[in-house]
Amino acid sequence: MGAGPAFNPPEAGTIRSRPSRPPVGLLEFRAFQSNGNTRVTVRTRFAPSPTGMLHIGGVRTALFSWLYARRHGGTFILRIEDTDRERSTDAAIEAILDGMKWLGLDADEGPFYQTKRYDRYREVINQFLESGHGYHCYCSKEELDEMRAGQMARKEKPRYDGRCRHRTTPVPGVTPVVRFRNPDEGQVVVNDIVHGPIVFQSQELDDLIILRSDGNPTYNFCVAVDDWDMGITHVIRGDDHINNTPRQINMLRAMGATPPVYAHLPMILGPDGTKLSKRHGAVSVLEYRNDGYLPAALLNYLGRLGWSHGDQELFSLEELTRLFDLDAVNKSASALNLDKLAWTNQQHMMKLPGSALAPLLAEQLASRGIDPAGIDLAAIADALKERSRTLAEMAEGSRFFFADPTEYEPKAAAKNLNADALPALLAARAALVALGAEFTPARIDEALKGLAATLGVGLGKVAQPLRVAVSGGGVSPPIDATLAILGAGTVLRRLDRAIQHAGS
RNA sequence: GCUCCCAUCGUCUAGAGGCCCAGGACACAGCCCUCUCAAGGCUGGUACGAGGGUUCGAAUCCCUCUGGGAGCGCCA
């Protein structure tokens, strides 16, 4: 797997020798005192499994964890849950790391890899075995399948019936798994910041496998060990984990650990309100970079999905980290609205100076095989930022700056590059030539307006033919800015060709 | 089937008993501005799933129903 460090617990001794943490209450975790002036620092983690791409849903979870840590001056930890050796891939790890880096969701600790912590897991498993919290189970897969099928047929909840709980002798030739012995009675209360207390009856919880017969520990177990070892104070994750939580709490208790506070976030649905799929937004978050979205805009949009701050829609990252809090998080699932994401992106682009957008526009142009050498991309970005929803749209809208039109858009040409427009075109040419070296937006505007006045027509009668002449179509930024960016030489060259076209 | 979660405009949401015959945003329509396209401004339509309670008063509290979702793996 990956090459990151293994997390080494401050005290790698036995579980019971670990100093016990002071209790963390539900909503007043933030500053409990143990000796008068000790303050608990918030520690959150994002724990993706590298079995697929990092998509929008995962990013939202990561964002909330990151924001919460930042907001409270805490620590954000990245942990790669790669215990599924069959499906975990290095490519997926790379994609997660790249995505987090692009978005700027930097981790203070990690990435840690669970596959590097096997010694620690085994240590806990042995302790469970000794203390009776764990036991060997020799049931075969077939046997378990059969058991489940029978329960389903009887309309019971499929669960392990504990048939190996009291077995004292091994079954020859069978490598056992280790199961965690859940309490038989009582209840487990999950203190959830967004949902409030959620109560589970222990009876509902069966004995889950914590060590596979191939020696690999399993998810729920590793999570419990890691969250404790890494001192996680707030587990922020998708609400599809709610049902796992009581088991994790039970294992935490068996370790003598104090469970963290939980915050289960609602799911993100596709635009049609159904589960996110590859057709929707379940593509790698890096696709959004290719599509020309700004990290800040994507984060802004995602932040507003399931969280709100009054009526405010637009947030800078700085505002987000200052205002975000878990108590304003919604409980219900929300659907992706790509139109709003695009709008948000445009709003962010509009706030940025062209010089900041220029390098990003350059990337988009490069991927289109366009060489913008010698052209002022910052000026183009300034001219186009309020007429593009994404950087990709900006790149498309700027194409005519880099190449003379090879043909004119038929409708626009028919209307604006005809005999009627010829006088205006010729007069405009003369007026522009007269500008000489002062080919600036202000001077161009002045000249064109003066010309329109002399001709006794509206500016549109002059600007629109010019627009079609230099851009090939009927849409472009304001004509003064457009001409200035193109430069006198290019403008006159394109104008001459258009005049020829209009006269023929 | 069992357990758990959820429920305000098409979508994202405000709303924590009277300020709400429900506000903002995206999208949509119209108008204004205007050299095109945008951006911006103004206007408009559309929502508290249903039924019972509690209360002088409920989108807000309680119950039931309905609808949606998640989990029930030697996946995470």
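Computed over heavy atoms, backbone and side chain alike; hydrogens, waters and symmetry mates excluded.
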In sequence, state the C-alpha distance, the side-chain angles, and the governing distance for A/Arg467 and A/Gln464, and then conclude on side chain to side chain donor-acceptor pair (under 3.5 Å).
-> CA-CA 5 Å; A/Arg467 172 168 285 117; A/Gln464 204 53 15; 2.7 Å; yes
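- Residue A/Leu305 is classed as a sugar-phosphate contact, given heavy-atom separations below 4.0 Å to backbone atoms only.
- Heavy atoms from other residues, nucleotides or ligands lying under 6.0 Å from CD of A/Gln203 number 12 at most.
- B/C61 is paired with B/G53 under the Watson-Crick or G-U wobble criterion, all donor-acceptor distances under 3.5 Å.
- In summary, A/Lys461 and A/Asp420 do not engage in a salt bridge, as defined by a charged side-chain N under 4.0 Å from a carboxylate O.
- Of all nucleotides present, none satisfies the Watson-Crick or G-U wobble test against B/A39 with each distance under 3.5 Å.
- Under the rule for a salt bridge (Lys or Arg N to Asp or Glu O under 4.0 Å), A/Lys351 has no partner lying at least two apart in sequence or in another chain.
- Under the Watson-Crick or G-U wobble criterion, with both distances below 3.5 Å, B/U11 is paired with B/A25.
- If you run salt bridge (Lys or Arg N to Asp or Glu O under 4.0 Å) between A/Asp206 and each of A/Arg179, A/Arg163, A/Arg148, A/Arg247, only A/Arg247 comes through.
- In this view, A/Asp291 satisfies the salt bridge (Lys or Arg N to Asp or Glu O under 4.0 Å) rule with no residue, not counting sequence neighbours.
- Taking every side-chain heavy atom of A/Val475 into account, B/C37 is the closest of B/C35, B/G24, B/C37.
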Per-nucleotide protein contact string for nucleotides 70-76 of chain B (B base, S sugar-phosphate only, - none; heavy atom under 4.0 Å) | BBBSBBB
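- Contacts between residues 442-460 of chain A and RNA chain B, defined by a heavy-atom separation under 4.0 Å, are made by A/Leu459, A/Gly460.
- With a cut-off of 3.5 Å on both pairing distances, the Watson-Crick or G-U wobble partner of B/C72 is B/G1.
- Within the nucleic acid shown, A/Gln347 comes within 4.0 Å of sugar-phosphate atoms alone, with no base atom in reach, counting heavy atoms only.
- Of the candidate nucleotides B/C4, B/C2, B/U36, B/C2 has the atom lying nearest to any side-chain atom of A/Glu204.
- Contacts of A/Pro246 with the nucleic acid, taken as non-hydrogen atoms under 4.0 Å apart, are absent.
- When distances run from any side-chain atom of A/Pro478 to the nucleotides B/G24, B/A27, B/C35, the shortest one goes to B/C35.
- Between A/His241 and A/Tyr219, the gap from one ring centroid to the other is short of 6.0 Å.
- At distances below 3.5 Å, at least one donor-acceptor pair connects side-chain atoms of A/Gln346 with backbone N or O atoms of A/Glu386.
- In a base pair of the Watson-Crick type (N1 to N3 plus N6-O4 or O6-N4) or a G-U wobble (N1-O2 and O6-N3), with each distance short of 3.5 Å, B/C20 is matched with no nucleotide.
- Using a cutoff of 4.0 Å between basic side-chain nitrogens and carboxylate oxygens, A/Arg79 and A/Asp227 are scored as salt-bridged.
- Nucleic acid contact class of A/Gln312 (heavy atoms, under 4.0 Å, all strands): none.
- Residue A/Glu313 is in base contact, counting any heavy-atom pair closer than 4.0 Å across all strands shown.
- Under the Watson-Crick or G-U wobble criterion, with both distances below 3.5 Å, B/A47 is left unpaired in every strand shown.
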Given salt bridge (Lys or Arg N to Asp or Glu O under 4.0 Å), test A/Asp184 with A/Arg165 step by step and report yes or no.
-> CA-CA 12 Å; A/Asp184 302 303; A/Arg165 272 191 156 198; 2.6 Å; yes
Decide side chain to side chain donor-acceptor pair (under 3.5 Å) for A/Asn216 and A/Asp214; before the verdict, give the C-alpha distance in whole Å, the side-chain angles of both, and the deciding distance to 0.1 Å.
-> CA-CA 6 Å; A/Asn216 282 303; A/Asp214 66 4; 3.2 Å; yes
Anything under 3.5 Å between a protein N or O and an N or O of nucleotides 58-67 of chain B, put it in a table, one pair a line.
none

Nucleotide N/O to protein N/O under 3.5 Å, stretch nucleotides 28-30 of chain B:
none

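- Within 4.0 Å (heavy atoms only), A/Phe200 reaches sugar-phosphate atoms of the nucleic acid but no base atom.
- Heavy atoms of A/Ser308 sit under 4.0 angstrom from primed sugar atoms or phosphate atoms, though from no base atom.
- Among the atoms of the strands shown, only primed sugar atoms or phosphate atoms (P, OP1, OP2) are found under 4.0 Å from some heavy atom of A/Gly306.
- In terms of phosphate contacts, A/Asn330 brings no side-chain nitrogen or oxygen within less than 4.0 Å of OP1 or OP2 of B/A7.
- Closest approach of A/Ala358 to A/Ala378, counting heavy atoms only: CB-N, 3.8 Å.
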